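Scroll down for the structure; my scribbles are underneath it.
A quick note: this is a predicted structure, and the numbers were derived from the prediction, not measured. Hydrogens, waters and symmetry mates play no part in the numbers below; they use all other heavy atoms, side chains included. Quick note on labels: first sequence line is chain A, next is B, and so on, each numbered from 1.
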There are 4 protein chains.
Amino acid sequence: MNIGFLGLGGMGAAMAANLVKAGHQVRVWNRSAAALEPLLALGATAAADPVAAFDGEVVISMLADDAATRAVIFDSGALASAKPGLIHLGMATLSVDLVGELVARHRERGVVYVAAPVFGRTDVAAAGKLNILAAGPAQAIATVQPLLDAMGQKTWPLGEDPLRAAVVKIAGNFMIASAIEAMGESSALVKRFGVEPAQLLEIMSGTLFDAPVYRNYGAQIAAQRYEPAAFRLVLGLKDVGLALSAGQGRHVPLPFASVLRDNLLEAIAQGDGERDWAALAQVAMRRSGQD
Amino acid sequence: MNIGFLGLGGMGAAMAANLVKAGHQVRVWNRSAAALEPLLALGATAAADPVAAFDGEVVISMLADDAATRAVIFDSGALASAKPGLIHLGMATLSVDLVGELVARHRERGVVYVAAPVFGRTDVAAAGKLNILAAGPAQAIATVQPLLDAMGQKTWPLGEDPLRAAVVKIAGNFMIASAIEAMGESSALVKRFGVEPAQLLEIMSGTLFDAPVYRNYGAQIAAQRYEPAAFRLVLGLKDVGLALSAGQGRHVPLPFASVLRDNLLEAIAQGDGERDWAALAQVAMRRSGQD
Amino acid sequence: MNIGFLGLGGMGAAMAANLVKAGHQVRVWNRSAAALEPLLALGATAAADPVAAFDGEVVISMLADDAATRAVIFDSGALASAKPGLIHLGMATLSVDLVGELVARHRERGVVYVAAPVFGRTDVAAAGKLNILAAGPAQAIATVQPLLDAMGQKTWPLGEDPLRAAVVKIAGNFMIASAIEAMGESSALVKRFGVEPAQLLEIMSGTLFDAPVYRNYGAQIAAQRYEPAAFRLVLGLKDVGLALSAGQGRHVPLPFASVLRDNLLEAIAQGDGERDWAALAQVAMRRSGQD
Amino acid sequence: MNIGFLGLGGMGAAMAANLVKAGHQVRVWNRSAAALEPLLALGATAAADPVAAFDGEVVISMLADDAATRAVIFDSGALASAKPGLIHLGMATLSVDLVGELVARHRERGVVYVAAPVFGRTDVAAAGKLNILAAGPAQAIATVQPLLDAMGQKTWPLGEDPLRAAVVKIAGNFMIASAIEAMGESSALVKRFGVEPAQLLEIMSGTLFDAPVYRNYGAQIAAQRYEPAAFRLVLGLKDVGLALSAGQGRHVPLPFASVLRDNLLEAIAQGDGERDWAALAQVAMRRSGQD
């Protein structure tokens, strides 16, 4: 398929590479050109600008956040230049407000918007093993299914409304943050009784909580290993903010998310903003005088 | 081995049965005698009172809570009658304050106290598949290891100080409650965007959260199936209270536990106290006007 | 003085009237023209548009919120048309981010921006008894002091940086919301013991809490009298949001504000959004099953 | 009147002195005898033990907390020795559970229990200006009214059930703690924008919050003056705990009290337990990196 791909950060580069390897014609664009090299070496071609990337059958965006997405999709004139019938596959984690606006403005142009945010970090993306949440017109999703299969291990269908995929992704990240906080508070508690957090977390993630989130973040917390950051704490604050603002728009109080926000702010104030967001666990340690 | 067993609720009865089946001589006692019948049918014998149960090589207690434990171990005169050298295996979930007091008073009598609280509900107990946290003198744990093996799939050693096993058990239950709350808030959030909680919870417990706690409680929350109660919500409040009081004693703030306490109280005020504690998830639904 | 006045809601109309009565030439503008009548009857003149209002010695804005302020000051071209030397007195409650932007863009035009948000509701404004927080260049504040004196009982100087007045106003509203919540929770607590909230609130606001906030909101809560709304609960949510976002920008966790936000959202979800924000007190009542 | 008086801490000593000065015969008892001297010098006589203090028309207790009250009233045999018709005026701040137990056990003995907790610190007690909350049989309150008048500036009647006075006192202290926290968070917020907390607190306590709690605690927070402690922070934690446990018993969630508890624990973990409880305000400062 003839695909434009916008955004070659750690995640986007890995995903675009898998599309190239699967035999698709991929025209890539990135804000800084340096990121293009590895893709061009694999056989991708360079799109001169976002407008050029929007000229094809499918365009995929994997941009950093709401602001980057607005700049590249709206302000650059890319969407305004799009031909009716194009399918835009938005795979970044975005606010529900922006997704709603994307849907409306694509509809005005006769362009189909499909939300397809993903679970998985860069290593998972590189292995083509992402879990993809997809919501949009069924026909369009069927069309892009080969692309999704090249990037992910499984596509989870969430119906016609792109907001649904957006909010499930946001809820999932909120659940991860909650798990980190619960491990952090529990670790601070047991440590005061002489139990190493590593012991607690090994037991829990070996039994009732034997799942990737607890095994992986548990190991980081146990070792207090927060660098290099696989996902920076400041981005965690952004994602918890997406949950809070989604909830605010529909009047859904989220007290755990409120605690997370306060604690992430404290972590940043204490200097941990650029470390991995598992460092959220240090907040409970510090408060109890155990750092 | 010649064992006294105190407390034949759902958990205790299943555990005692496994000891009988493993060939041990088990003398059982329970506050209400009706619970004895099935055990006697299996080959256990009846202890006339707690004092009689304390007369042997090992006594195991699996009583409802702190109050029941105090009544049976202290007030009945059982501990006061114990012969030096006896090993008392305390398997209930108790406050760290009471465990500290048990350790001290057993030591005065020359009786060894081993804390061995468990993870697993009654079906797991019946299958002999409990996860057992054990802390106490190494020699004593080695002596009772065959008993632990008859009741559990694995014993997790936590050192010499019984408080350590007690606090890890408390922390584990707090982590479970946190997982339920996170699922509840997330469910309320996505539902406002048209996503069935069942969809969210199936995705999450099939991927990043593929662990018993999320699969089992997730299924209950998805189906809003809170009866019959495997673990009553009022007991969940008691257990979160154990975490809060353990934290208070050592000055460890636990903001997630504070949210849980408030929400469990609200659930009780709204009539859900006798339902399964997964009904905690209904609080977020109700608050957002979606019950 | 020759003054333009933008925004004739309940507060603005009362403040502009006091300026007219004090003998100033006031050219008024409002989005809907109906609000102009009473002012014109007093002797004010009508400004055709925001640009016209910006043509004078001083312009005062008292617009509803950030969005209205952006639309009227920036988008209408008013600021772009302003002559250097004009003093703009911004008296609405605005976000610190917008105030920062206002300061920067006024400076570019050679226009002085003074932040002068107020404490007091419409009856206080009508009586010319507002408390005014003023921050901006000392010279400019001295120039507008007669205007401040016509509108307020006292001006509290906060230095040269307009952000300081903005954040103190935001903090003050947050303190009011906290007082309402504390009264609400306390009322729910004592009511469960048979004490009428009116009794509690009369005692407290007659002794240790003998201040306007507690007397006035206490009387509303005691009588559960939330209509008509002097300040709508949805606006309270907006103001607590201003505190949270000011805190987020500088990494200041505000756990009370987080609780307030969650509870205000719950109040809106339960149908109280258009009632007076003292209705926040009903949340605690409802949660405890006492509504 | 012939009065026994138990408990001569800072508060009790001042109150007993006012009773002596008003012409009553006061027999005083205190755990450590040193505290008796000043009272004896004023004309009081010494009671040999709590039993002796209970032998009269009225006995007043002003003991440190629940534990001290249990020890002196129950365990010493004092209540068991009391003659029917005696009135016991309990003026300490006690848990609702203990007050309920006091009521029941006094009734069994034919002794009248009146709860009469007070607002005011030692300087207020010395001036005879306490605010007294009184609940108990109307006849008994009428009898002791001259005593209440000697100790306080006003008696606030709360009906026949002593629990009502107990819970209003608990709610009042919770409101004070909430005011301190709100001032602390607001101070941390404005300080990040260059505003001295003293400025904020002077403005607020000079206008909308012009009441003793805000003026007095505001001045302490503004000056970060937490020593000597008029009321130690660890006692503040105890009092917030009384609110939480009163709420738990009747299923009233108190989210502000939960935040207060967590923050007070953090303050203790950080070394502020023996300072005045206004030091709670330092928690927000520290979290935002401004200590």
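Ion pairing between a basic and an acidic side chain is recognised when a charged N comes within 4.0 Å of a carboxylate O; C:Lys154 and C:Asp149 show no such pairing.
Among D:Phe119, D:Phe209, D:Phe174, the residue with the largest count of heavy-atom pairs under 4.5 Å with chain C is D:Phe209. Listed options C:Asp161, C:Ile203, C:Val195, C:Asp210 were ranked by heavy-atom pairs under 4.5 angstrom with chain D; first place goes to C:Ile203. In terms of heavy-atom pairs under 4.5 Å with chain C, the best-connected choice from D:Asn131, D:Ile170, D:Leu133, D:Leu163 is D:Asn131. Of the listed residues (D:Ala246, D:Ala257, D:Gly120), the one with the most heavy-atom contacts under 4.5 Å to chain C is D:Ala246. By number of non-hydrogen pairs under 4.5 angstrom with chain C, the leading residue of D:Gln290, D:Glu185, D:Glu181, D:Met183 is D:Glu185.
Counting only distance, with no hydrogens or angles, the side chain of D:Asp276 and the backbone of D:Phe231 share a donor-acceptor pair below 3.5 Å. The backbone N or O of D:Ser95 lies less than 3.5 Å from a partner atom in the side chain of D:Asp66, making a donor-acceptor pair. For the pair C:Glu160 (side chain) and C:Ala138 (backbone), a donor-acceptor distance under 3.5 Å is present.
For C:Met204, the part lying near chain D is the side chain, with the backbone staying farther off; criterion is any non-hydrogen pair under 4.5 Å. Interface residue D:Phe193: backbone and side-chain heavy atoms are both found under 4.5 Å from chain C. Heavy-atom distances place both the backbone and the side chain of C:Phe256 under 4.5 Å from chain D. Only the backbone of C:Pro157 comes within contact range of chain D, judged by heavy atoms closer than 4.5 Å. Only the side chain of C:Asn263 has a heavy atom closer than 4.5 Å to any heavy atom of chain D. Within the 4.5 angstrom heavy-atom criterion, atoms from both the backbone and the side chain of D:Ile176 approach chain C.
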Would D:Tyr226 and D:Trp277 satisfy side-chain hydrogen bond (donor to acceptor under 3.5 Å, both in side chains), going step by step from the backbone distance to the final call? CA-CA 8 Å; D:Tyr226 305 121; D:Trp277 75 327; over 6 Å; no
Working note: C:Lys238 + C:Asp65, criterion salt bridge (charged side-chain N to carboxylate O under 4.0 Å, His left out); need CA distance, chi angles, decisive distance, verdict. CA-CA 9 Å; C:Lys238 185 200 61 141; C:Asp65 53 19; 5.7 Å; no
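Between D:Tyr214 and C:Tyr214, the two ring planes are tilted [angle within 30° to 60°].
Closest of all the heavy-atom pairs between D:Val240 and D:Ala177 is CG2-CB, 4.1 Å.
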